[in-house]
Engineer: 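Let me give you the structure first, and then I'll get to my questions.
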Amino acid sequence: MIFQDPYASLNSRMTVAEIVGEGIDTYHLYKGSERQQRIYDLLQRVGLKPEHASRYPHEFSGGQRQRIGVARALAVEPELIICDEPISALDVSIQAQVVNMLEDLQDDMGLTYLFIAHDLSMVKHISDRIGVMYLGKLVEVCESRELYRRPLHPYTQALLSSIPIPDPIATRKSKRIILEGHVQSPINPPEGCRFASRCRFSKNICTQTTPELVEMEKDHFVACHLADEING
């Protein structure tokens with residue numbers, strides 16, 4: 001896993017070598033000189049140097065600390081890495097560097113990422129397939145380009161309409177969907193659709209029965225009782 005906060009997720013009392021090597025030791029992957037060389041290789045793979053292995057987290061920038069977190073995740077030779085908002089705490093220029101690094105690692109090592117984020121432009125850039133969640137429940141799942149081309153769930157439609165357009169003329173012509181109503185309690189959600197209290201299409205069935213993910217189009221799943229009616 002790669003965590004959101006690149007500083008809080010690293011033990012300040014451990015050196016980089018100890019942090020990256022912890023997973024190697026736990027799973028008994030390498031020992032002795034092979035272990036040390038593995039740590040050096042991992043650091044170089046994420047854009048750091050072998051001499052960084054003896055330093056502590058506070059001696060690095062935010063982007064470098066996140067690279068250490070990536071090296072730690074790679075140390076156990078995973079097939080799947082969960083990226084929990086891995087770039088939200090970084091400067092915009094550093095975000096691009098980290099994302100490019102993740103894409104290169106994916107190509108080189110055949111990795112699969114579960115990339116959790118709120119930055120819709122970044123989600124579109126990095127994802128092959130997207131799942132949209134509202135109050136902890138999936139409401140729409142499909143291929144990335146298809147989702148941005150044809151969102152079918154009312155929440156997804158409102159979400160995508162909020163993306164800023166870097167063109168004043170296009171911005172004036174675009175229609176932003178403003179959500180009204182109130183957000184339900186995520187701790188104790190009501191029966192039915194969790195989005196019903198804010199949905200402009202809501203009907204009685206929406207507050208009484210929880211919608212299931214249904215394949216509306218090929219590989220395009222939506223959890224909405226009224227999807228056919230709304231998008232027909």
Engineer: Return yes if some donor-acceptor pair links the side-chain N/O of T15 with the main-chain N/O of E18 below 3.5 Å, else return no.
Structural biologist: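 Yes: the side chain of T15 pairs with the backbone of E18.
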Engineer: How about E22 and M14: do any of their side-chain heavy atoms sit closer than 4.5 Å?
Structural biologist: yes
Engineer: K124: which residues meet the side-chain contact (heavy atoms from CB on, under 4.5 Å) condition with it, sequence neighbours left out?
Structural biologist: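 Only S144, Y148 meet the side-chain contact (heavy atoms from CB on, under 4.5 Å) criterion with K124.
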Engineer: Considering residues, nucleotides and ligands other than R198, do more than 12 of their heavy atoms fall under 6.0 Å from its CZ?
Structural biologist: yes
Engineer: So, E79 side chain and L111 main chain: donor-acceptor pair closer than 3.5 Å or not?
Structural biologist: no
Engineer: Can you confirm whether the side chains of H125 and E103 place a donor and an acceptor under 3.5 Å from each other?
Structural biologist: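 Note: H125 and E103 side chains meet the donor-acceptor criterion.
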Engineer: Tell me yes or no: between the side chains of Y40 and Q36, is some donor less than 3.5 Å from an acceptor?
Structural biologist: yes
Engineer: Please find the pair of heavy atoms, one from G63 and one from I94, that lie closest to each other, and give the distance.
Structural biologist: CA-CG2, 3.5 Å
Engineer: Would you call the rings of Y155 and H153 parallel, tilted or perpendicular, where under 30° means parallel and over 60° means perpendicular?
Structural biologist: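 Rings of Y155 and H153: perpendicular, as their planes differ by over 60°.
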Engineer: Evaluate whether atom OH of Y27 has more than 12 neighbouring non-hydrogen atoms of other residues, nucleotides or ligands under 6.0 angstrom away.
Structural biologist: no
Engineer: Would you check if the side chain of E34 reaches a backbone N or O of K31 as a donor-acceptor pair within less than 3.5 Å?
Structural biologist: no
Engineer: Would you check if there is a donor-acceptor pair between the side chains of E85 and H118 at a distance under 3.5 Å?
Structural biologist: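 Yes, a side-chain donor-acceptor pair sits under 3.5 Å.
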Engineer: Should the pair D25-R35 be classified as a salt bridge under the 4.0 Å nitrogen-to-oxygen rule?
Structural biologist: yes
Engineer: Under 4.0 Å between a Lys/Arg side-chain N and an Asp/Glu carboxylate O for E217 and R150?
Structural biologist: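 R150 and E217: salt-bridged.
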Engineer: With no hydrogens and no angle check, just 3.5 Å: does a side-chain donor-acceptor pair link S88 and Q4?
Structural biologist: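 A donor-acceptor contact under 3.5 Å links the two side chains.
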Engineer: Just by distance, do the side chain of S202 and the backbone of C199 share a donor-acceptor pair under 3.5 Å?
Structural biologist: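 Not at all, since once roles are kept as given, no pair shorter than 3.5 Å links the two residues.
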Engineer: After noting the C-alpha distance and the side-chain angles of L102 and I2, does the key distance pass the side chain to side chain contact (heavy atoms under 4.5 Å, CB included) rule?
Structural biologist: CA-CA 11 Å; L102 289 173; I2 301 171; 4.1 Å; yes
Engineer: Would you find more than 12 non-hydrogen atoms of other residues, nucleotides or ligands less than 6.0 Å from R145 atom CZ?
Structural biologist: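 No, because the 6.0 Å sphere around CZ of R145 holds 12 heavy atoms or fewer from other groups.
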Engineer: If you count heavy atoms of other groups shown closer than 6.0 angstrom to CD1 of I187, is the number above 12?
Structural biologist: no
Engineer: State whether the side chain of Q95 and the backbone N or O of L90 hold a donor-acceptor pair below 3.5 Å, judged by distance alone.
Structural biologist: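 Side chain of Q95 to backbone of L90: a pair is present.
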Engineer: Would you say the side chains of D119 and S121 form a donor-acceptor pair under 3.5 Å?
Structural biologist: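 Side chains of D119 and S121: pair found under 3.5 Å.
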Engineer: Looking at every heavy atom in both V123 and S127, which two are closest together, and how far apart are they?
Structural biologist: O-OG, 2.8 Å
Engineer: Looking at I39 and G21, what are the two nearest heavy atoms and their distance?
Structural biologist: CD1-CA, 3.9 Å
Engineer: Indicate the atoms forming the closest heavy-atom contact of L213 with E140, along with that distance.
Structural biologist: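 What the structure gives for the nearest pair is CD2-N, 4.3 Å.
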Engineer: Looking at every heavy atom in both M101 and V46, which two are closest together, and how far apart are they?
Structural biologist: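 For M101 and V46, the tightest heavy-atom pair comes out as SD-O, 3.4 Å.
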Engineer: Output yes when E229 and K203 qualify as a salt bridge under the 4.0 Å nitrogen-oxygen rule, no when they do not.
Structural biologist: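 Yes, this pair counts.
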Engineer: CD of E59 to OG of S12: how many Å apart, nearest 0.5 Å?
Structural biologist: 12.0 Å
Engineer: I need the minimum non-hydrogen distance between K175 and S161, along with the two atoms involved.
Structural biologist: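 Taking K175 first and S161 second, the nearest heavy atoms are O-CB, 3.9 Å.
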Engineer: With distance as the sole test, does S197 use its side chain to make a donor-acceptor pair with the main-chain N or O of H182 at under 3.5 Å?
Structural biologist: yes
Engineer: Taking atom CD of E51 as the centre, report whether more than 12 heavy atoms of other residues, nucleotides or ligands fall under 6.0 Å from it.
Structural biologist: yes
Engineer: So, Q208 and N204: side-chain donor and acceptor under 3.5 Å apart, yes or no?
Structural biologist: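 N204 and Q208 do not have a side-chain donor-acceptor pair below 3.5 Å.
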